[in-house]
Number of protein chains: 2
Amino acid sequence: MEPIKQRYSHQRETILQVVQSTLVHPNADWVYKETRKIIPNISLGTVYRNLNQLVESGRILKLKDEAMVRYDGNTGQHDHFRCSKCGKWYDVELIDQSIFKSFAEKHDFRIESFNLELEGTCKNCLDS
Amino acid sequence: MEPIKQRYSHQRETILQVVQSTLVHPNADWVYKETRKIIPNISLGTVYRNLNQLVESGRILKLKDEAMVRYDGNTGQHDHFRCSKCGKWYDVELIDQSIFKSFAEKHDFRIESFNLELEGTCKNCLDS
DNA sequence: AAGTTAATAGTAATAGTTACTGTTATGTTT
DNA sequence: AAACATAACAGTAACTATTACTATTAACTT
């Protein structure tokens, strides 16, 4: 099995520049509209495909992995670890959230919620 | 303007019990399927509406607020703060990610990515 | 018991994303 | 430099998560 060769593409490089040139943390549609200013007939599918490729090659970051809302009946303070192999979510006690309060005071933000999500491989999946 | 009265609803209480009875951090569809085992003809719209109401009243948590993927051209270590008023995302340097490594070793997890997102109101929006 | 309207079931519509199809362009081999 | 193989493309259709709509039902009030 040969490794798949990735070819140069004008569209992909333009999309990369668009994402790298901003601090707004854009969604796909924003990238699409901005890139169309440079390549007017680029298609939305091309933008999505290349954003995914750029994430895979580590050249940009994806801020949310699952585009789906999830719920938790446990409203107490805790964080989350998700296993990317089996998909299971673990409640973990990781961070004393008081550190956010001092951060908020320092920067004059008012913090309403924190969401710390770790992703990786859980013990079960590492063992098997 | 009178406050809107919330009436008791068998469906809402059942949905709450379903979410509270599990640790799987379900999405709406899972809640829908489970609740249908108890109320076979409950509709998907009712599940979504009540999940949102339960979140608003603080009886359950919503793990992801925006059901949309966002990208970041800055691949260096940093966290995110999102202003719920103006929607702007701020890069913040908040946590030394080495604490995750010791956590992972302690629990035999392998961590591949961290995602800390704070939400609240930014200085700009607090001032105006 | 009658009246008011929040909540419902069922369905249609919307938004974000992915898949498909015929065509184009990139890199390779003659 | 011409012919070739196929990654990438534009355009569009399909899919999935979520919200909106509508006529009906059921919870509270008087």
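What you see is a predicted model, and the numbers here were worked out from it, not measured in a lab. Quick note on labels: first sequence line is chain A, next is B, and so on, each numbered from 1.
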task = Would you mind classifying the nucleic acid contact of A/N50 as base, sugar-phosphate or nothing, using non-hydrogen atoms under 4.0 angstrom?
result = sugar-phosphate

query = Between D/dT16 atom P and B/N27 atom CG, what is the distance in whole Å?
reply = 13 Å

message = I'd like to know whether B/I60 forms a side-chain contact (heavy atoms from CB on, under 4.5 Å) with B/L51, so could you lay out the CA-CA distance, the side-chain angles of the two residues, the decisive distance to 0.1 Å, and finally the verdict.
response = CA-CA 8 Å; B/I60 65 174; B/L51 283 172; 3.8 Å; yes

request  = Please report, rounded to the nearest Å, how far the P atom of D/dT22 is from the CZ atom of B/R49.
outcome  = 15 Å

key: Nearest-angstrom distance from the residue atom CH2 of A/W30 to P of C/dG16   = 16 Å

message = Tell me if a side-chain donor or acceptor on A/T22 pairs with a main-chain N or O of A/V18 at a distance below 3.5 Å.
response = no

query = Is there any salt bridge (charged side-chain N to carboxylate O under 4.0 Å, His left out) pair reaching into residues 13-26 of chain A, and which pairs are they, with sequence neighbours excluded?
reply = A/E13-A/R59

query = Going hydrophobic residue to hydrophobic residue with side-chain gaps under 4.5 angstrom, can you get from B/L126 over to B/V92?
reply = no

Contacts under 3.5 Å, N or O only, protein and nucleotides 23-29 of chain D:
| unit_1 | atom_1 | unit_2 | atom_2 | d |
| --- | --- | --- | --- | --- |
| D/dA27 | N3 | B/R7 | NH1 | 3.0 |
| D/dC28 | OP1 | B/Y8 | N | 2.9 |

key: Side-chain N or O of B/Q53 closer than 4.0 Å to phosphate OP1/OP2 of C/dA6   = no

key: Qualifying salt bridge (charged side-chain N to carboxylate O under 4.0 Å, His left out) pairs, either residue in residues 19-29 of chain A, two or more places apart   = A/D29-A/K33

inquiry  = Students often mix this up, so state it plainly: with edges at 30° and 60°, are the rings of B/F81 and A/F109 parallel, tilted or perpendicular?
reply    = parallel

key: Qualifying residues under side-chain contact (heavy atoms from CB on, under 4.5 Å), relative to B/L23, sequence neighbours excluded   = A/D91

message = OP1 or OP2 of C/dT17 versus the side-chain N and O atoms of A/Y48: is any pair under 4.0 Å?
response = yes

request  = Mind calculating the distance between CD (B/E56) and P (C/dA6) to the nearest angstrom?
outcome  = 15 Å

task = For A/T46 and A/I42, indicate whether the former's side chain and the latter's backbone hold a donor-acceptor pair under 3.5 Å.
result = no

query = Looking at DNA chain C, which of residues 33-47 of chain B put a heavy atom within less than 4.0 Å of it?
reply = B/N41, B/I42, B/S43, B/T46

query = Honestly, is A/R36 close enough over A/Y32, meaning NZ or CZ under 6.0 Å from the six-membered ring centre and within 45° of the axis?
reply = yes

query = Hey, what bend do you get for the helix from C/dA1-D/dT30 to C/dT30-D/dA1 if you fit axes on five pairs at each end, rounded to 10°?
reply = 30°

message = Can you tell me if A/N52 touches the phosphate of C/dT18, counting only side-chain N or O atoms and a distance under 4.0 Å to OP1 or OP2?
response = yes

query = In whole angstrom, what separates A/E13's CD from D/dA7's C1'?
reply = 15 Å

message = Any base atoms under 4.0 Å from A/R12, or only sugar-phosphate, or nothing? Heavy atoms, all strands.
response = sugar-phosphate

task = Would you indicate whether the side-chain heavy atoms of A/R49 and A/R12 approach each other to under 4.5 Å?
result = no

ask   = Which value, rounded to the nearest 0.5 Å, describes the distance between B/E56 atom CD and B/Q6 atom CD?
value = 9.0 Å

